[in-house]
Amino acid sequence: MNQSSTRIADLKHHVGAVVTVRAWVTHLRSKGKVAFVVARDGTGILQAVLVKSEVPEASWNAFAELTQEASVALTGEVRADARAPGGFEMGVQTLEVIGASPNDYPIQPKEHGIDFLLDNRTFWLRSQRQVAIMRVRHELEQAVHDFFYARDFIRCDTPILTAAIGERAGLFSTDYFDEGTAYLAQTGQLYGEALAAAMGRIYTFGPTFRAEKSKTRRHLTEFWMIEPEMAWYDQDDNMDLQEAFVRYLVERVLERRQEELKVLERDTSKLDCVSQPFVRLDYGDAVKLAQGKGSDIVWGDDLGAPDEALIVDEYQRPVFVVNYPKEAKAFYMKENPLDPRTVRCADLLAPEGRGEIIGGSQREDDYDKILARLTHEGLPVEAYGWYLDLRKYGTFTHSGFGLGLERTIAWICGIEHIREVIAFPRMMGRLSP
Ligand code: ATP
Ligand code: MG
Ligand code: MG
Ligand code: MG
């Protein structure tokens, strides 16, 4: 079937020719003996014109029966027309209905509430805006692989079903034969560290799961994370890599996805800031800055979303907040030799009030220190046996980070809430569709 039909995005190569387009109806209009069908196929929008005297009676009658979302085959001559959405128009010779669509299609051209749209996510995804977001997501996923491939990082996949290791936030669990309980991975990092000792520079790119009970615009229970882990990188090398990576991702979308950004009405001038060096701000100074702007944060607290927004708004470009207090961060971060109350880490905050998109650190490479941290935090040391042993057999300086894909897409696209940038979001209260 593909051989005989043309995708809307390819019409530019067929001006003057007669082609068949298979698509879904979005709008219908008629003025006496002339009718217009606007249709989409996921690659673009096509306006097709039927003139009663020029089409078979069956096609004219088919138009009268058409409704929104009916699938159709439109055959006719392609004409360049700057006024038409997408820039091309078809002079229809025949119209055939492939699948009718009853009049009660849930999504109508009017405002719908967010719960209604999420309940109807399968249909909502058909909108031009949602398609544009998914296309940017696709571009970013490819850009991630291109960036690391060019730098000779090995892509490694880490398990989703794990024993109880990971971050501190909630874990999802499921029965696992005689082994008892398995937990859905909150991060691939610890496995990534083992892989870095085997392969030098690696990255994982997979789904991660956290039983986040908070209802915020930046937390999902299932999200995708890119986690590079590099042997022989210290924290400064780590931040340099992150900066190059984020700059590449933004520039890649600006370069290749202008059409989509236009559909999303994104003010792309706001993204130009990535070409400047990213700010590197000590945690202590970040706290003072937030306090000066009215926050009641005290030294020792992790930064909350409102604090992050206050900090990043000061600079209007990405900000690394570096060297957080040990107690605010995970056990695996390396103690800062210059101030042992802190660790060699950084969160990267995205501008426009977005806040954290990356958490990264140099990893603690001292066996005794990491064991002490595990014990101090009351974590099950037995479960971390293989992880601890990485420090026993050839310990090494290494660093890594985790970038949240959805937060990055939301920032680049200017989408308020991350539930809109993943096809089927999972959040508290939402497991379907
Ligand atoms: P937050 O402080 O916002 O809760 P976090 O510090 O718990 O985030 P990390 O454990 O550092 O997050 O995870 C690394 C990255 O993964 C984050 O910087 C963010 O981009 C992303 N991320 C973390 N939790 C979520 C989530 N629930 N939904 C979507 N992305 C997330
Ligand atoms: Mg969290
Ligand atoms: Mg955080
Ligand atoms: Mg973090």
Side-chain angles (χ1 to χ4, degrees), residues 137 140 144 158 165-172 184-190 192-193 203-229 235 238-239 242 245-246 249 278 283 286-287 290 297 300-309 311-312 318-333 343-351 353-363 377 399-412 415-430:
R137 182 180 176 111
L140 282 167
V144 166
T158 52
I165 60 173
E167 301 288 326
R168 289 178 283 195
L171 286 159
F172 288 111
L184 298 190
Q186 294 177 317
T187 166
Q189 178 198 319
L190 306 187
E193 291 185 38
Y203 70 105
T204 73
F205 187 174
T208 46
F209 306 87
R210 297 187 188 183
E212 306 276 14
K213 288 203 171 138
S214 51
K215 289 190 174 168
T216 74
R217 67 184 180 124
R218 66 184 208 181
H219 289 96
L220 298 168
T221 54
E222 178 177 314
F223 62 98
W224 287 70
M225 192 151 50
I226 295 104
E227 296 180 277
E229 205 63 43
Q235 177 57 9
N238 191 16
M239 285 191 285
Q242 291 170 45
F245 181 43
V246 169
L249 294 180
F278 294 6
Y283 166 85
V287 166
I297 186 173
D301 294 347
D302 198 359
L303 300 176
D307 299 312
E308 291 177 358
I311 292 160
V312 83
V319 176
F320 284 111
V321 177
V322 308
N323 300 345
Y324 282 67
K326 207 184 261 178
E327 300 295 331
K329 288 292 180 190
F331 71 91
Y332 49 71
M333 298 191 177
V343 282
R344 293 273 284 150
C345 73
D347 280 6
L348 180 64
L349 314 183
R354 293 280 163 181
E356 178 179 346
I357 55 168
I358 289 182
S361 73
Q362 190 166 330
R363 312 309 189 191
E377 295 198 11
S399 300
F401 65 91
L403 172 123
L405 178 66
E406 286 76 16
R407 289 189 192 179
T408 306
I409 302 167
W411 162 45
I412 294 176
I415 304 294
E416 190 55 24
H417 196 301
I418 63 170
R419 64 189 165 211
E420 219 179 316
V421 308
I422 185 164
F424 296 102
R426 294 289 173 258
M427 298 172 283
M428 216 166 80
R430 182 145 310 272

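Just so you know, ligand 1 is whichever comes first in the structure, and atom 1 is the first atom listed for that ligand. In this chain, residues are counted from 1 in sequence order.
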Open item on the list: If you define the side chain from C-beta out and look only at heavy atoms, does anything of L140 sit under 4.5 Å from I412?
Closed with: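 L140 reaches I412 side chain to side chain.
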
Open item on the list: Contact between I226 and T408 at the side-chain level, heavy atoms closer than 4.5 Å - yes or no?
Closed with: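 Side chain of I226 against side chain of T408, heavy atoms only: no contact under 4.5 Å found.
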
Open item on the list: I need the single residue from R217, R354, R137 that forms a salt bridge (charged side-chain N to carboxylate O under 4.0 Å, His left out) with E406. Which is it?
Closed with: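 Going through the options one by one, the only one that passes is R137.
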
Open item on the list: Are F172 and F209 an aromatic pair, judged by ring center distance below 6.0 Å?
Closed with: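 No, the ring of F209 stays outside the 6.0 Å limit from the ring of F172, centre to centre.
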
Give the atoms of ligand 1, by number and element, whose distance to some non-hydrogen atom of [X] is under 4.0 Å.
{"X": "H219", "value": "1 (P), 3 (O), 4 (O), 26 (C), 27 (N), 28 (N)"}
{"X": "G402", "value": "14 (C), 15 (C)"}
{"X": "I358", "value": "18 (O)"}

Task: Winner among M427, E356, Q186, R210 once heavy atoms are compared against atom 10 (O) of ligand 1 - done: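 Among M427, E356, Q186, R210, the closest heavy atom to atom 10 (O) of ligand 1 comes from R210.
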
Residues that [X] engages under salt bridge (Lys or Arg N to Asp or Glu O under 4.0 Å), provided they are two or more places apart:
{"X": "D301", "value": "none"}
{"X": "E193", "value": "R363, R391"}
{"X": "R419", "value": "none"}

Has ligand 1 got any nitrogen or oxygen that is less than 3.5 angstrom from a nitrogen or oxygen of [X]?
{"X": "L220", "answer": "yes"}
{"X": "E406", "answer": "no"}
{"X": "I357", "answer": "yes"}

Task: Stepwise side-chain contact (heavy atoms from CB on, under 4.5 Å) check, I311 with L303 - done: CA-CA 10 Å; I311 292 160; L303 300 176; 3.8 Å; yes

Open item on the list: Looking at G188, is its backbone amide N or carbonyl O close enough to the side chain of E227 to form a donor-acceptor pair, meaning the two atoms are under 3.5 Å apart?
Closed with: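 Yes; judged by distance alone, with no hydrogens or angles, the pair exists.
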
Task: E212 touching ligand 1 at heavy-atom level, < 4.0 angstrom - done: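 E212 counts as a contact of ligand 1 under the 4.0 Å cut-off.
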
Open item on the list: Please classify the M225 to ligand 1 contact at 4.0 Å (heavy-atom distances, strictly less than): side chain, backbone, both or neither.
Closed with: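 Looking at M225 and ligand 1, just side chain atoms fall under 4.0 Å.
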
- [ ] With 2.8 Å as the limit, jot down which protein N, O or S atoms are around the Mg ion (ligand 4).
- [x]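 Only E356 OE2 fall inside 2.8 Å of the Mg ion (ligand 4).
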
- [ ] Measure the OG-CD distance between S361 and Q235 for me, rounded to the nearest 0.5 Å.
- [x]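 With rounding to 0.5 Å, OG (S361) is 6.5 Å from CD (Q235).
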
